[in-house]
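Below is one structure, written out as structure tokens; the observations come after it.
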There are 2 protein chains.
Amino acid sequence: MSQRKFKDEIYPHFARVAQALASDKRLELLDILTQGPRHVDALAQETGMSVANSSQHLQTLRAARLVETARKGNMIIYRVADPSVMNLWVALRGVAESRLAEVKQLAEEFHSARSNGDVVTRDQAEVLAHQNAVLLDVRPVAEFESGHLCGAINIPLDDLPDRLEELPSERRIIAYCRGLYCLLADEAAALLLANGFDVVRLEGGWPEWQSEGRPVIGGVT
Amino acid sequence: MSQRKFKDEIYPHFARVAQALASDKRLELLDILTQGPRHVDALAQETGMSVANSSQHLQTLRAARLVETARKGNMIIYRVADPSVMNLWVALRGVAESRLAEVKQLAEEFHSARSNGDVVTRDQAEVLAHQNAVLLDVRPVAEFESGHLCGAINIPLDDLPDRLEELPSERRIIAYCRGLYCLLADEAAALLLANGFDVVRLEGGWPEWQSEGRPVIGGVT
DNA sequence: CAAGTACTCAAGTGAGTAGTTGACAAGCCC
DNA sequence: GGGCTTGTCAACTACTCACTTGAGTACTTG
């Protein structure tokens with residue numbers, strides 16, 4: 001097979017995958033799915049789209065084999081198909097963050113008001129976790145159960161005020177949530193700092209952690 | 001800033017990057033550029049497109065800030081803008097390879113006829129390189145000079161038959177080229193095997209190596 | 001400066017894509 | 001089965017994109 005013919009056959013497949021990502025709505029759906037499986041109605045609500053429109057975007061993602069479906073009763077559950085998809089989404093966001101000034105600025109504005117406690121890198125966090133630090137997942141229970149950092153405990157932000165006594169006050173706490181554009185860990189850190197805990201926030205969140213192949217429980221296989 | 005408003009503002013930027021990748025022609029241009037800077041005419045020739053069309057695709061890539069330009073005489077040189085872009089391209093290809101059966105099959109057909117010498121992973125290659133193995137880059141001189149594996153020597157495939165005596169016959173040789181869909185290293189391995197050398201091929205090539213942050217000389221900064 | 005090279009731009013056509021609406025299918029519960 | 005929920009499909013309009021053609025710009029060389 002000639003080089004030219006091979007390229008003409010294989011590149012359209014690569015483009016098909018990129019094409020599926022080339023819509024803000026689909027990227028938002030994909031991002032939500034990196035946090036755990038969802039049914040169509042929930043996705044439509046979270047994104048503010050009509051069910052029909054969500055359904056069509058989800059089918060585009062499925063046609064590119066980025067997500068998979070399973071029927072459960074009369075609901076259809078969508079989930080991310082493969083860790084490599086998570087990795088691709090993180091890589092895409094990474095390029096936008098490092099190359100597009102607008103993205104950098106928007107992210108800063110978003111976080112400017114609130115930044116409680118120091119931030120640790122994922123490398124540092126792995127070391128600290130071996131040195132008696134507590135990994136605290138403040139996402140909702142369902143998301144924790146669909147996958148979380150190895151060794152983490154789960155106290156959703158909403159429950160945190162009532163469950164402070166579950167946290168050891170003498171150990172350092174590393175709080176994390178859905179990722180760069182999620183404020184759960186930030187709010188948790190504020191609450192914990194106000195109550196005298198030694199708390200830091202993890203840089204990024206669950207998708208970044210998993211896409212780098214760090215130790216996890218559950219998650220996409 | 002509300003979560004909804006933030007998402008409505010930031011996701012279109014992510015989509016813009018994906019949009020730029022959503023064309024087989026642009027991906028091919030990008031892939032060529034991962035091997036080193038090129039001027040428009042060279043890119044048009046390599047892809048078989050008209051100059052005007054190549055130019056327009058290149059401008060799309062530039063608008064998404066995936067590539068950068070520099071004028072040199074009356075030529076305009078395009079190059080990949082950032083290592084994260086290389087990483088994104090490798091991630092995209094990775095998803096297509098692991099998720100799309102057609103891609104897997106095409107790649108196998110392409111390589112089926114020829115597979116000379118064993119393949120070593122990039123991890124293994126790094127270890128072997130510290131154990132007296134020779135890293136051999138068989139790409140053209142210009143590509144070697146624009147960036148290569150740390151410690152590699154360059155003998156382009158075309159020159160290899162005349163320059164065999166430059167290679168130590170008692171050391172293991174690790175041959176590499178442009179990547180998964182390039183046959184240079186394969187042909188080099190065939191030639192070296194026929195001449196009694198102990199040769200293996202590197203899995204992937206230059207872009208994969210650089211995007212993983214392994215030691216390099218030159219390359220995109 | 002004139003001629004030539006390398007690239008970009010503008011306009012036009014045909015193809016493809018997004019979101020809406022209303023009809024339809026598949027499974028649940030009484 | 002009848003009525004409900006959940007999701008998909010088909011058809012339509014408005015919009016966007018790809019490639020070509022021909023003109024235009026930027027720089028170099030004689």
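Proteins get letters first, then strands, A, B, ... in listed order; numbering begins at 1 in each.
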At less than 3.5 Å, do the side-chain atoms of B:Asn74 and the base atoms of C:dT5 form a donor-acceptor pair? yes
Under-4.0 Å side-chain N/O to phosphate OP1/OP2 contact, [X] with [N]:
X: A:Lys25; N: C:dG19; result: yes
X: A:Tyr78; N: D:dT6; result: no
X: B:Ser55; N: C:dT8; result: yes
X: B:His39; N: C:dA6; result: no

Rounded to whole Å, please give me the gap between [atom1] in [X] and [atom2] in [N].
X: B:Ile76; N: C:dT5; atom1: CD1; atom2: C1'; answer: 12 Å
X: A:Asn53; N: D:dG7; atom1: CG; atom2: P; answer: 15 Å
X: A:Gln56; N: D:dC12; atom1: CD; atom2: P; answer: 15 Å
X: A:Ile77; N: D:dT6; atom1: CD1; atom2: C1'; answer: 11 Å

With a 4.5 Å limit on heavy-atom distance, are the side chains of [X] and [Y] in contact?
X: A:Gln19; Y: A:Pro12; value: no
X: B:Leu136; Y: B:Leu192; value: yes
X: B:Tyr176; Y: B:His148; value: yes
X: A:Ile10; Y: B:Asp24; value: no

From CZ (B:Arg26) to CD (B:Glu28), nearest 0.5 Å: 13.0 Å
Nucleotide nearest [X] when distance is taken to its side chain, options [options]:
X: A:Ser23; options: C:dA18, D:dT8, C:dC7; answer: C:dA18
X: A:Met75; options: C:dT8, D:dC19, D:dT6; answer: D:dT6
X: A:Asp41; options: D:dG7, C:dA10, D:dA11; answer: D:dG7

Sugar-phosphate only, base, or nothing, as touched by [X] at under 4.0 Å among non-hydrogen atoms:
X: B:Arg26; answer: sugar-phosphate
X: A:Gln59; answer: sugar-phosphate
X: B:Ser50; answer: sugar-phosphate

Select from B:Thr69 and A:His57 the residue whose nearest nucleotide in DNA chain C is closer to the 5' end of that strand. B:Thr69
Of B:Val51 and A:Ala22, whose nearest nucleotide on DNA chain C comes first from the 5' end? B:Val51
Please figure out whether B:Ala52 or B:Arg71 has its closest DNA chain D nucleotide nearer the 5' end. B:Ala52
